[in-house]
Amino acid sequence: MSETLSGLLTIGLLVLLLALCYHPVGAWMAKVFTDTRHWRAEKAIYRLVRVDPDSEQGWRAYATSVVAFSVLGIAALFALIVAQTHLPGRQGSDGMGVTTAINTAVSFVTNTNWQSYAGEAGATPLVQTVGLTVQNFVSAAVGLAVAVALIRALARHSASAIGNFWVDLVRGVVRVLLPGSVLAAVLLLAGGVIQNLSAPLTIHGFSGVEQVIRGGLVASQEAIKELGTNGGGYFNANSAHPFENPNPLTNIFEIFLLLVIPFALTRTYGIMVGDRRQGWALGGFAGLLWAGGVALTTWAEVHASGASTGAMEGKEQRFGVWGSTLFAASTTSTSTGAVNSMHESYSPLGGGAVLANMVLGEVSPGGVGSGLYGIVIVALLAVFVAGLMVGRTPEYLGKTIGRREVTCAALYILVMPVLVLVFAGISLASDGPRSTMSASGPHGLTEVLYAYASAANNNGSAFAGLTADTPWYNLTLAICMLLGRFIPMLLVLRLAGLLVEQRKRPVTVGTMPTHTPLFVGLVTGIALVVAGLTFFPALALGPIAEALS
Amino acid sequence: MSSNLRQLVASMRMMLVLTLLLGVLYPAAVWGIGRVAFADQAGGSLVHRDGAVVGSTLLGQSFTDARFFQGRPSASEYAGGVSGGSNLAASDPDQVKTVKERAAAYAATNSGSAPADALTASSSGLDPQISPANARAQAHRVAAANGLSRAEVMKLVQANTQGRSLGFLGEPRVNVLELNLAVQDAAGR
C-alpha cells in the first residue's frame, strides 16, 4: 500500500469515527445541560460544597463563580507545585523554580498546558496526579460551562439567568468528562499506555547500556489530556513518548479524543437553540477550516519528505509523516497542544501551517467549550458584517446584534492578536529573551511568535527549541495565558447577559438565514480575513520568509 | 461575608471534593483495571531475560556494537531520564552537518545508502523501531558479526517486521530490541 493511500484512509477512518459520534455525543451533552434532575452523586457533591443547585445565576454571578474557582485553582496548584519536593513520592524530581511554578499553575488552570518544565523531571507523580490531572478535568469543564451558558442565553429570551456555574461544572465533570476518560483510559491501557506506581527503574539494557525506565499513572492522565483538549504531557516528549502513545492505533484514537467533544458541541448547540441546522452550519465551518489545516500541513510535510531525511527529524517511525501531520494539525486547531512529533523540526511551511491553525483563534473546532464560543463570536461578526452590507439590523437566532453585543465580539477578537504581537515584538527586540532562541533568522522569529500564539490561544504546543524556562518567558507567557483565557471568557459571559435579556424577534422574509452554505462561506471568509489581516506581516517575516529563502 | 468571599469558600470546597474524585479515585480505578486486565501493558511492557529486566518493547535502546541492529539516532542517546527530540530544522547548519556525518557512518558499515529514519532523530528520543529498509541494510553487518548467514538474519528481520496496523494505519516497522533478542538467540548467546 502506498503511503498516500494509507494516509488518506487514516483520515477517512478518523472522519468516520467523528461522524458516528457526532449525534450521540452532542445529544448526550444537550441532555446533560438541560436535565432538570440531579444525579445522586451530584447531589452529594452539592451538599458537601454547600451550593444550591436549583438556583440560577445572572451573568455577573456566573462570571464571579468562574473567576473565583479559577483563582483558587491557580493558588492551590501553585502551592502544591512549590511544596512538591517536600512531599512524599518525589522520585528524584528537582521540582520547579518560582516563576516556572507560576507559569505551570496558570498554564493548567487556563487549559493551555504549556510546559516550561520537562514533564518527567519537573513534576513529581503526586503533582501530576493530584494537581495536573484534576486541572485537566476542571479547566475543560469550566470552558464547557461558559459555552453552555452562552448557548442558553441564545436559546432563552426576556430572561436574566444563564444557568448555575456549579451545576454546569459538576455535570460536565461527572456526566461527560469522567465517563469518557474512564472509557478512553481503559482503551489506552489495552493499547500499551502505562499505569503503575513504579519508581524510575535503572536497568542494564540488552547490550549492557544503562537506561532509566520511568513509571507513572499515565493512562488516566493521557485520556483526559486529549479528551479535555489540554495537552500537557506526562513525559517531556508528550504523545511522541511510546509510553503515552505506543502505536498507530492509540495514535488515531488520541486524535479522535481531542476532536470529539469540540465537534459534537456544535450538535449540542443546534439541539439547545432548537434548530439543528444552526449546529450543522457551525460544525461545517469548523470542519472546513480543520480540513484545510490538515491538507496544508500534510502537503507541506509530504512535499518536504522528498529530501534524503524524508522529513523524519522529530517524527516517530510508527506514525510516519501522515500520522504525525494529522496529529499536528488537529492538536493546533483544537487548542490541545499535545504533540506526537516536534513541530520545530517541520519544514518552514509545515511549521507555518500549524502556527496559522492557532492564530485563526482556535475555532477549527477549538478547545472544549472555548472552541464553541469562539465559533459563535465569529458567526456574530459575520452576521454584523452582512447586516452592514445590506443595510439591515443584524440578527442572529432572533437576537439583535447591536452596538453593545458587537463591541463584546470585537474586543474578544482583538485580545489574542494584541497579546501575541506585543509580547513577541518586545521579546524579539530585547537582548535577553532573544538570546534563548535556539535558531536564528526567520526560524528564530517563528520560535518566539509560536510561543506567544500558543500561550494566548491556550494551545500549549511549542517550537520547543526555545529555552522558555526563564523568568521573562515564564511570566510573560503566563500573562498571555491568563488574559487570553479569561478576558474572552468574561466578554462571552457579558454577551450572554445582553443576549438573554432580549425578546425573540420573529423571523421575516428579510431575516438572513444563518444555516445555509452561503453563511458558512461567509463565516469562513471572516475568520480567514481577520486572521490574515492581523498575522500576515508576522507570518511573512517568519515561516514564509524561511520557505522562500 | 461578602459574595466574592463566599464564592471563594465554595470554590475551595469544590476543589477539595473534585480533587478526591478526579485526582485520587479516578486514577486509582484505572490503576486497578490495569492491574487486573492489562498487567503487562500497565507495567510498561517489560522484557525479562535470565530473571532480569533488560528493557521495554516500547522503548528503544542504545546499541553500538556491530553484533546488534542499531536504532534511530536519539537526541538523548536513549537514556530514558528525560525524553525529547533535537528540535532542529532541516535547514539548520548543525543539522545539515550531523545528517552528512550520519550518512557517511551508515554507508561505511552497512549495505546501501541510509534510509530516512537512520539519518534523523525521533521526537521522543526513545523510538523503539526502525524502517524495514533500515533493518535490511544492516542485516549483512549483523550476520557477519554474529557468525550467521545473511539469509538467516534476513529471515529474522522478516519475522520481526510489523506491517501497518489494521493494514493501513501508520508505517511498517521493525522493533529493534525484539530483533536483537531474536538474533542473539539464533547465534546461541
Side-chain angles (χ1 to χ4, degrees), chain A residues 6 9-10 45 48-49 51 64-65 68-69 72 76 118 121 129-130 133-134 137-138 185-186 189-190 192 194-196 203 205-207 209 211-213 217 219-220 235-237 240-242 246-249 252 309-310 312-320 323 341-342 344-345 443 464-465, chain B residues 7-8 10-15 17-19 22-23 26-27 30-31 33-34 38 41-45 53-56 58-59 61-63 65 68 78 80-85 87-90 99 116-117 119-120 122-124 126-131 164-165 168-171 173 177 180:
Chain A
S6 143
L9 285 173
T10 307
I45 295 178
L48 283 170
V49 178
V51 292
T64 308
S65 299
F69 186 67
L72 190 275
T129 308
V130 178
T133 301
V134 173
F137 276 98
V138 297
V186 171
L189 271 175
I194 65 167
Q195 179 84 354
N196 62 55
I203 59 149
F206 185 48
S207 70
V209 181
Q211 183 177 46
V212 178
I213 297 181
L217 296 172
S220 51
F235 299 104
N236 190 43
H241 196 294
N247 57 56
L249 281 168
I252 192 166
T309 53
M312 283 300 284
E313 183 70 28
K315 295 192 181 72
E316 300 282 299
Q317 173 64 28
R318 59 195 182 282
F319 307 140
S341 55
M342 294 302 150
E344 175 140 27
S345 295
H443 200 74
Chain B
Q7 295 287 337
L8 267 180
S11 301
M12 204 175 305
R13 289 198 205 101
M14 183 65 88
M15 193 61 82
V17 172
L18 290 182
T19 299
L22 306 169
Y26 160 68
V30 176
W31 176 79
I33 295 170
F38 307 104
Q41 293 100 311
S45 308
V53 177
V54 293
S56 159
L58 294 181
L59 303 182
Q61 296 189 4
S62 168
F63 291 104
D65 195 296
F68 297 113
Y78 292 100
V82 177
S83 53
N87 286 305
L88 292 173
V99 167
D117 64 297
L119 294 177
T120 50
S122 62
S123 45
S124 62
L126 291 164
D127 196 337
Q129 288 136 348
I130 55 177
S131 67
R164 302 182 198 270
S165 304
F168 67 97
L169 290 174
E171 294 290 315
R173 53 204 185 275
L177 176 61
N180 279 329

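These figures come from a predicted structure and were not determined experimentally. In what follows, chains are A, B, ... by sequence order, proteins preceding strands, each numbered from 1. Values below: every heavy atom of this structure, side chains too, minus hydrogens, waters and symmetry copies.
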Query - 4.5 Å side-chain heavy-atom contact, A/Leu217 and B/Pro27 - result: yes
Scored by heavy-atom pairs under 4.5 Å with chain A, the best of B/Ser62, B/Gly43, B/Pro128 is B/Ser62
*asked:* side-chain contact (heavy atoms from CB on, under 4.5 Å), that's the test. Do B/Met14 and A/Leu48 meet it? Break it down for me.
replied: CA-CA 8 Å; B/Met14 183 65 88; A/Leu48 283 170; over 6 Å; no
Okay, B/Val82 and chain A: the region with an atom under 4.5 Å from a heavy atom over there is both
Cut-off 4.5 Å, heavy atoms of chain A, and the answer for B/Phe168 is both
**Heavy-atom check, side chain of B/Val30 versus side chain of A/Gln195, under 4.5 Å** = yes
Honestly, the part of A/Phe235 sitting under 4.5 Å from a heavy atom of chain B is both
Counting heavy-atom pairs under 4.5 angstrom with chain A, the leader among B/Gly80, B/Ser123, B/Gly23 is B/Ser123
Between the OG1 atom in A/Thr309 and the CG atom in B/Leu119, the distance rounded to the nearest 0.5 Å is 7.0 Å
*Backbone N or O of A/Glu344 within a donor-acceptor pair of the B/Asn87 side chain at under 3.5 Å?*
no
Note: A/Ala68 and B/Ser11 closest approach over all heavy atoms is C-OG, 3.4 Å
Between A/Pro248 and B/Arg173, is there a side-chain heavy-atom distance shorter than 4.5 Å?
yes
When the 4.5 angstrom heavy-atom criterion is applied to B/Val99 and chain A, the contacting part is side chain
So, the part of B/Tyr78 with a heavy atom under 4.5 Å from chain A: the answer is both
A/Asn236 and B/Ser83 have their tightest heavy-atom pair at ND2-O, 2.7 Å
Q: Examine the side chains of B/Gln7 and A/Ser65 and answer whether a donor and an acceptor come within less than 3.5 Å of each other.
A: yes
If one checks every heavy atom of B/Asn180 against chain A at 4.5 Å, the contacting part turns out to be both
Here the pair of heavy atoms bringing A/Ala240 nearest to B/Ser124 is O-CB, 3.4 Å
CD (A/Gln211) and CD (B/Gln61) are apart, to the nearest 0.5 Å, by 5.0 Å
Verify side-chain contact (heavy atoms from CB on, under 4.5 Å) between A/Phe69 and B/Met15, making sure each step is shown before the conclusion. CA-CA 8 Å; A/Phe69 186 67; B/Met15 193 61 82; 3.8 Å; yes
Comparing B/Leu22, B/Leu177, B/Leu126 against chain A, the one with the most heavy-atom pairs below 4.5 Å turns out to be B/Leu22
Here the gap from B/Leu58 atom CG to A/Asn247 atom CG, rounded to the nearest 0.5 Å, amounts to 8.5 Å
So, the part of A/Ala190 with a heavy atom under 4.5 Å from chain B: the answer is both
Here the pair of heavy atoms bringing B/Tyr26 nearest to A/Thr133 is CE2-CG2, 4.3 Å
Cut-off 4.5 Å, heavy atoms of chain B, and the answer for A/His443 is side chain
Sorted by chain and number, sequence neighbours left out, side-chain hydrogen bond (donor to acceptor under 3.5 Å, both in side chains) with B/Ser131 holds for B/Asp117
Item to check | CA sep, side-chain torsions, deciding dist, call: A/Leu249, B/Ser165, side-chain contact (heavy atoms from CB on, under 4.5 Å) | outcome: CA-CA 7 Å; A/Leu249 281 168; B/Ser165 304; 4.2 Å; yes
Note: vs chain B, highest number of non-hydrogen pairs under 4.5 angstrom among A/Gly205, A/Ala121, A/Gly320 is A/Gly205
Answer key: most heavy-atom pairs under 4.5 Å with chain A among B/Gly84, B/Gly81, B/Ala10 is B/Gly81
Nearest heavy-atom contact between B/Leu88 and A/Ser345 is O-OG, 2.8 Å
With chain A, the option among B/Ala90, B/Gly44, B/Ala42 that has the most non-hydrogen atom pairs under 4.5 Å is B/Ala42
So, the part of A/Leu189 with a heavy atom under 4.5 Å from chain B: the answer is both
In terms of heavy-atom contacts, B/Ile33 and A/Val186 come closest through CD1-CG2, 3.8 Å
| Check: B/Glu171 and A/Arg318 side chains under 4.5 Å, non-hydrogen atoms | no
Checking A/Glu316, A/Glu313, A/Lys315 against B/Ser122 for side-chain contact (heavy atoms from CB on, under 4.5 Å), the one that qualifies is A/Glu316
In terms of heavy-atom pairs under 4.5 Å with chain B, the winner among A/Val134, A/Ile45, A/Thr64 is A/Val134
Those residues at least two apart in sequence (or on a different chain) that pass side-chain contact (heavy atoms from CB on, under 4.5 Å) with B/Val54 are B/Val47, B/Arg49
Cut-off 4.5 Å, heavy atoms of chain B, and the answer for A/Val130 is both
